[in-house]
Amino acid sequence: MSASSTPTSSQPWLHQEGSVIQEFGTVKQFPVALSYEARMYSCQRLNKVLADTQILYGLYKKHHWIMRGVTFYQLHLLLDKHAGEQLELVDTLAERVQTLGGVAVGDPRHVAEITSIPRPPDGVEEVPAMLSRLLEAHETILTAAHDAAARTAELGDDGTNDLLVSQVIRTGELQAWFLAEHLVDTPLVRS
């Protein structure tokens with residue numbers, strides 16, 4: 001039996017521990033033609049939007065699972081679609097932080113520490129309350145994204161500005177519109 005075919009040669013190295021090689025809240029130098037200050041600011045703002053977006057994704061999935069009532073089917077599908085779009089934003093935001101030399105917030109416990117989105121009840125709320133909660137989360141993210149987009153434009157970070165405007169803001173506005181229209185009080189049609 002050769003050394004490469006011994007049972008220990010394919011054994012995974014389990015229970016590894018390592019040193020932190022980059023602290024959260026720092027940026028390393030990358031050749032992306034942006035100043036340290038611009039990259040640091042963008043990473044801080046992107047991580048805040050990223051944390052809130054991860055919470056919004058979680059809210060969408062929760063409400064998708066526990067939806068009730070006569071509009072169950074339509075809202076069940078809509079909320080799942082929106083959750084998928086938010087999950088794409090999560091990945092895009094995290095990758096932008098990494099592109100700028102930062103460390104993207106990823107651990108759910110860390111996300112919970114820095115999010116601005118209030119925690120929902122553990123149980124099931126009435127449908128209008130669930131939709132209102134999603135709308136409020138969208139507005140929190142949109143407010144932060146508008147502010148961050150303006151400031152990153154001033155700092156010359158066109159990539160972050162574009163991401164915030166063309167993806168975070170446009171997606172959030174469209175999703176908020178779809179949700180808000182479900183809360184409109186329409187008159188009953190009488191025959």
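Remember, it's a predicted structure, so these values are computed and weren't measured experimentally.
Judged by distance alone, the side chains of T152 and R45 never bring a donor and an acceptor atom under 3.5 Å apart. Side-chain contact check for Q167 and E88: no donor-acceptor pair (N or O, by modelled atom type) lies under 3.5 Å.
The NE2 atom of H63 lies 12.5 Å from the CG atom of L78; values are rounded to the nearest 0.5 Å.
Cluster partners of V20, using a side-chain heavy-atom cutoff of under 4.5 Å among ILVMFWY residues and allowing indirect links: none.
A salt bridge links E154 to R151: at least one charged side-chain nitrogen sits closer than 4.0 Å to a carboxylate oxygen.
Residues meeting the side-chain hydrogen bond (donor to acceptor under 3.5 Å, both in side chains) test with T115, sequence neighbours left out: D52. For K28, the salt bridge (charged side-chain N to carboxylate O under 4.0 Å, His left out) criterion is met by no residue, not counting sequence neighbours. The ring-ring contact (aromatic ring centres under 6.0 Å, His included) test applied to H138 returns Y60, not counting sequence neighbours. With sequence neighbours excluded, no residue satisfies side-chain hydrogen bond (donor to acceptor under 3.5 Å, both in side chains) with D158.
Tested against S42, the residues N161, T160, L163 include a single side chain to side chain contact (heavy atoms under 4.5 Å, CB included) partner, T160. Of the residues T53, I55, V111, L56, the one that meets the side chain to side chain contact (heavy atoms under 4.5 Å, CB included) test with I117 is I55.
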Donor-acceptor pairs under 3.5 Å, side chain of residues 127-136 to any protein atom, not counting sequence neighbours: which ones?
residue, atom, partner, partner atom, Å
S132, OG, P128, O, 3.0
R133, NE, E125, OE1, 2.9
R133, NH2, E125, OE2, 2.9

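Following chains of ILVMFWY side-chain contacts shorter than 4.5 Å, one cannot reach Y41 starting from L46, and the two form parts of different hydrophobic clusters.
Geometric assessment of R39 against the ring of F30 yields a negative cation-pi assignment under the 6.0 Å and 45° thresholds.
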